[in-house]
Amino acid sequence: MRTFIKIVVFLIVIVIAGLIALPFFIDPNDYKDEISREVEKVTGRNLTLQGDIGLSVFPWIALDLGPLSLSNAEGFKADTFAKVQAAEIRIKLIPLLKKQLEMDTIILDGLVLNLETDKSGKTNWDDLVKPDATEEA
């Protein structure tokens, strides 16, 4: 019984040490282009990440982002839909291990959000919001 407890404690220590060491081995800045491509694929808009991305893993996964901007929809006046001087996103770690995404904190410092409506009543965020299934029916 004592051996089993020692093995469990050892495994827990190894997992925690691995999580703490993860930011030293993975540079999130290597994925900036991939992140921008995925955002463009999903939204059709360009995401520009100007600053460095900071990563911490324990007790939650946290991303610290520098200045970033999201381009505006076509046909609207402003160049950007949203612009932020700095952002921090924290994701709960335990639910992520269960394949569930739970945000803990989202901080947007210096947010400039350009909301526009054209003459036909279409807004520049319509393409970002998916209609409900009830509306489609």
Side-chain angles (χ1 to χ4, degrees):
M1 186 68 173
R2 295 182 107 192
T3 306
F4 177 74
I5 293 173
K6 287 180 183 180
I7 291 173
V8 170
V9 169
F10 177 75
L11 289 174
I12 291 172
V13 168
I14 292 293
V15 168
I16 291 173
L19 288 173
I20 292 171
L22 191 64
F24 297 108
F25 297 109
I26 295 177
D27 185 10
N29 294 298
D30 294 341
Y31 300 98
K32 280 174 140 179
D33 292 335
E34 187 176 335
I35 293 167
S36 294
R37 275 194 305 273
E38 287 298 315
V39 168
E40 186 172 3
K41 188 166 66 172
V42 171
T43 65
R45 300 182 186 202
N46 294 324
L47 176 69
T48 305
L49 299 166
Q50 297 169 347
D52 286 338
I53 301 173
L55 172 68
S56 63
V57 183
F58 196 76
W60 49 73
I61 296 176
L63 293 172
D64 292 317
L65 305 167
L68 60 95
S69 62
L70 183 65
S71 66
N72 207 355
E74 289 186 33
F76 292 93
K77 294 179 185 178
D79 291 335
T80 60
F81 171 71
K83 192 179 220 180
V84 177
Q85 293 302 318
E88 180 181 345
I89 302 167
R90 292 194 314 199
I91 302 168
K92 292 182 179 181
L93 183 60
I94 301 302
L96 194 60
L97 298 174
K98 298 175 187 175
K99 297 183 181 181
Q100 298 172 345
L101 182 63
E102 288 185 29
M103 297 286 189
D104 178 62
T105 304
I106 298 176
I107 299 172
L108 303 174
D109 185 27
L111 172 66
V112 176
L113 190 60
N114 296 309
L115 302 175
E116 298 179 58
T117 305
D118 65 10
K119 292 177 183 178
S120 66
K122 182 181 175 188
T123 63
N124 63 342
W125 67 90
D126 281 342
D127 60 333
L128 298 176
V129 180
K130 294 184 179 180
D132 289 342
T134 56
E135 289 180 14
E136 291 177 4

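Scope of the values below: all heavy atoms of this structure, side chains included, with no hydrogens, waters or symmetry mates.
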Exercise. Decide whether S36 and D33 meet the rule of one side-chain donor and one side-chain acceptor closer than 3.5 Å.
Key: no
Exercise. Consider only side-chain heavy atoms of I, L, V, M, F, W and Y, link residues closer than 4.5 Å, and tell whether V42 and I35 are in one cluster.
Key: no
Quiz item: Would a hydrophobic clustering, with Ile, Leu, Val, Met, Phe, Trp and Tyr connected at side-chain separations under 4.5 Å, put L47 with L63?
Solution: yes
Quiz item: Does a salt bridge link E40 with R37, judged by any charged N lying under 4.0 Å from a carboxylate O?
Solution: no
Quiz prompt | Single-linkage hydrophobic cluster, 4.5 Å side-chain cutoff, I106 and V112 together | solution = no
Practice problem: Treat each ILVMFWY residue as a node, draw an edge where side-chain heavy atoms are under 4.5 Å apart, and state whether L128 and L113 are in one component. | Solution: yes
Self-check item: More than 12 heavy atoms of other groups within 6.0 Å of D30 CG
Solution: yes
Quiz item: How far apart are the C-alpha atoms of E102 and I91, what are their side-chain angles, what is the distance that settles it, and do they pass the side-chain contact (heavy atoms from CB on, under 4.5 Å) test?
Solution: CA-CA 6 Å; E102 288 185 29; I91 302 168; 5.9 Å; no
Residues 64-76, side-chain donor-acceptor partners within the protein, below 3.5 Å, at least two apart:
from	atom 1	to	atom 2	distance (Å)
S71	OG	N46	N	2.8
N72	OD1	N124	ND2	3.0
N72	ND2	A78	O	3.0
N72	ND2	E116	OE2	3.1

Exercise. Evaluate the side-chain proximity of M103 to I89: yes if any heavy-atom separation is below 4.5 Å, no if none is.
Key: yes
Self-check item: Shortest non-hydrogen separation from I53 to N29 and the atoms involved
Solution: N-OD1, 2.6 Å
Practice problem: Calculate, to the nearest 0.5 Å, the distance between atoms CD and CG belonging to E88 and L108 respectively. | Solution: 10.5 Å
Exercise. Indicate, with yes or no, if I26 and L49 share a hydrophobic cluster defined by side-chain heavy-atom contacts under 4.5 Å among Ile, Leu, Val, Met, Phe, Trp and Tyr.
Key: yes
Exercise. Return the set of residues passing salt bridge (charged side-chain N to carboxylate O under 4.0 Å, His left out) with D104 (not counting sequence neighbours), or none when no residue passes.
Key: R90
Donor-acceptor contacts under 3.5 Å from residues 1-8 side chains, at least two apart:
none

Quiz item: NZ/K98 to NZ/K92 distance, rounded to the nearest 0.5 angstrom?
Solution: 11.0 Å
